[in-house]
Amino acid sequence: MLPELRVLYFEDLEVGLSETLTKTIASSDVVGFAEITGDRNPIHLSEHFAARTPFGTRIAHGLYTAGLISAVLGTRLPGPGAVYISQTLNFRAPVRIGDTVDVTVTVAELVPERRRARLTCTCTVAGETVLDGEALVKVPTKAEADPLAARMERNRV
Ligand SMILES: C/C=C/C(=O)SCCNC(=O)CCNC(=O)[C@H](O)C(C)(C)COP(=O)(O)OP(=O)(O)OC[C@H]1O[C@@H](n2cnc3c(N)ncnc32)[C@H](O)[C@@H]1OP(=O)(O)O
């Protein structure tokens with residue numbers, strides 16, 4: 001089941017705040033990603049081909065796994081309203097069909113004057129890091145996201 005959407009505004013964030021999403025990678029996820037991106041590399045789609053690679057079996061696209069980081073950022077931490085600025089990625093180990101990936105993002109730094117949040121991002125399979133990196137996002141304040149509500153709140157006696 002997909003987690004509920006949650007909006008955190010810039011002022012709700014603090015260093016150390018963390019969120020984890022868990023996803024088991026299905027063959028249909030990998031086939032679907034190949035279809036929508038056009039990346040039909042047989043290492044993702046053909047068991048016959050993948051058997052002759054060092055991985056021995058089909059593996060997920062690295063950017064599919066990275067997309068799960070975007071899912072955490074865009075739905076939970078900070079959530080809807082956050083805008084991706086940049087993302088670094090280190091692919092440390094392969095993700096195979098049937099693997100369960102835990103995707104954790106953690107607020108590492110806040111830059112109030114620019115409403116920026118830097119988050120460390122780690123994907124693990126059975127405790128082993130398969131991907132890590134850092135995301136930079138722009139996060140609206142409550143007043144920026146909903147100026148009318150913010151004005152009404154300020155004027156309330
Ligand atoms: C959770 C996931 C969500 C998504 O996936 S959203 C989809 C992916 N993201 C996007 O499509 C965002 C596209 N980029 C933009 O629209 C803009 O970009 C931003 C809104 C992110 C930032 O624009 P602005 O608010 O005008 O920037 P500033 O706060 O005024 O800062 C400007 C300084 O920041 C640098 N900068 C802006 N964006 C980037 C970037 N993406 N990568 C590197 N640098 C960036 C500029 O150059 C400049 O720098 P200098 O102050 O030194 O002149």
Side-chain angles (χ1 to χ4, degrees), residues 1-41 43-45 58-97 99-154:
M1 201 177 81
L2 292 172
E4 244 181 89
L5 293 180
R6 177 185 67 181
V7 178
L8 293 179
Y9 300 105
F10 188 85
E11 55 268 39
D12 299 323
L13 300 181
E14 54 186 68
V15 171
L17 204 56
S18 190
E19 183 74 15
T20 299
L21 172 154
T22 298
K23 170 95 173 99
T24 299
I25 309 304
S27 176
S28 56
D29 296 324
V30 175
V31 172
F33 189 85
E35 278 171 5
I36 59 168
T37 60
D39 182 353
R40 295 178 295 113
N41 182 340
I43 202 167
H44 308 302
L45 300 177
R58 292 163 62 203
I59 59 170
H61 301 73
L63 288 184
Y64 173 74
T65 310
L68 302 176
I69 296 172
S70 180
V72 183
L73 298 172
T75 65
R76 298 291 300 172
L77 178 62
V83 176
Y84 235 150
I85 296 179
S86 66
Q87 174 78 54
T88 62
L89 298 168
N90 305 300
F91 300 103
R92 307 268 182 204
V95 174
R96 298 180 170 87
I97 313 296
D99 280 351
T100 297
V101 184
D102 292 312
V103 186
T104 301
V105 307
T106 305
V107 178
E109 186 187 0
L110 294 168
V111 185
E113 55 281 16
R114 310 198 71 167
R115 315 283 194 254
R116 303 284 208 253
R118 190 168 59 81
L119 301 103
T120 58
C121 311
T122 309
C123 301
T124 62
V125 172
E128 181 194 9
T129 298
V130 293
L131 190 169
D132 60 24
E134 274 190 0
L136 187 66
V137 294
K138 183 170 178 172
V139 189
T141 59
K142 190 167 188 189
E144 286 164 344
D146 192 347
L148 180 60
R151 215 164 44 240
M152 288 171 72
E153 209 163 287
R154 270 200 306 277

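Note that ligands are numbered from 1 as they come in the structure, with each ligand's atoms numbered from 1 the same way. This chain uses plain numbering: 1 for the first residue, then up along the sequence. Just the heavy atoms: all of them, side chains too, but no hydrogens, waters or symmetry mates, feed the values below.
Applying the 4.0 Å criterion to heavy atoms of A82 picks out, from ligand 1, the atoms 1 (C), 3 (C). Ligand 1 places these atoms under 4.0 Å from at least one heavy atom of K138: 24 (P), 25 (O), 29 (O). Set against the non-hydrogen atoms of L73, the atoms of ligand 1 under 4.0 Å away are 1 (C). For ligand 1 and G74, the ligand atoms under 4.0 Å from any heavy atom of the residue are 1 (C).
Residue, atom and distance of the protein heavy atom nearest to atom 15 (C) of ligand 1 are V83 CG1, 5.0 Å. The shortest contact between atom 9 (N) of ligand 1 and any protein heavy atom is with Y84 O, 3.0 Å.
By the 4.5 Å heavy-atom criterion applied to side chains, E109 and V15 are not counted as neighbours. Taking 4.5 Å as the limit, every side-chain heavy atom of F10 sits out of range of all side-chain heavy atoms of R114. Contact annotation: the side chain of R116 approaches that of K138 to within less than 4.5 Å [non-hydrogen atoms, C-beta and beyond].
Between F33 and H61, the ring-plane angle classifies as tilted under the 30° and 60° cut-offs.
Note that atom 25 (O) of ligand 1 has protein non-hydrogen atoms nearby, at separations under 4.0 angstrom. Inside a 4.0 Å radius of atom 13 (C) of ligand 1 there is not any protein heavy atom. Protein heavy atoms are found inside the 4.0 Å sphere centred on atom 4 (C) of ligand 1. Under the 4.0 angstrom criterion, atom 1 (C) of ligand 1 counts as having a protein heavy-atom contact. Within a 4.0 Å radius of atom 41 (N) of ligand 1, the protein contributes at least one heavy atom. Under the 4.0 Å distance rule, the nearest protein heavy atom to atom 34 (O) of ligand 1 falls inside the cut-off. There is no protein heavy atom less than 4.0 angstrom from atom 47 (O) of ligand 1. Within the 4.0 angstrom cut-off, atom 28 (P) of ligand 1 has one or more protein heavy-atom neighbours.
In this structure, I97 and A26 approach most closely via the heavy-atom pair CG2-C, 4.0 Å.
In this structure, R6 places its CZ atom where more than 12 heavy-atom neighbours from other residues, nucleotides or ligands lie under 6.0 Å away.
When L77, V137, I85 are checked for heavy-atom proximity to atom 38 (N) of ligand 1, I85 turns out nearest.
In the model, T20 has no side-chain atom that pairs as donor or acceptor with a side-chain atom of R76 under 3.5 Å.
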| Given the rule in the salt bridge (Lys or Arg N to Asp or Glu O under 4.0 Å) test, do D12 and K142 qualify, once you have shown the distances and angles that lead to the verdict? | CA-CA 9 Å; D12 299 323; K142 190 167 188 189; over 6 Å; no

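Only the side chain of R114 comes within 4.0 Å of ligand 1, counting heavy atoms alone; its backbone N, CA, C and O stay farther away. Using a 4.0 Å cut-off between heavy atoms, R116 contacts ligand 1 through its side chain alone, with no backbone atom that close.
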Listing, residues 124-131 side-chain donor-acceptor contacts under 3.5 Å, not counting sequence neighbours, or none:
none

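A distance of 8.0 Å separates OG1 in T37 from NE2 in H44, rounded to the nearest 0.5 Å.
Every residue meeting the side chain to side chain contact (heavy atoms under 4.5 Å, CB included) condition with S70, not counting sequence neighbours, appears here in chain and number order: Y84.
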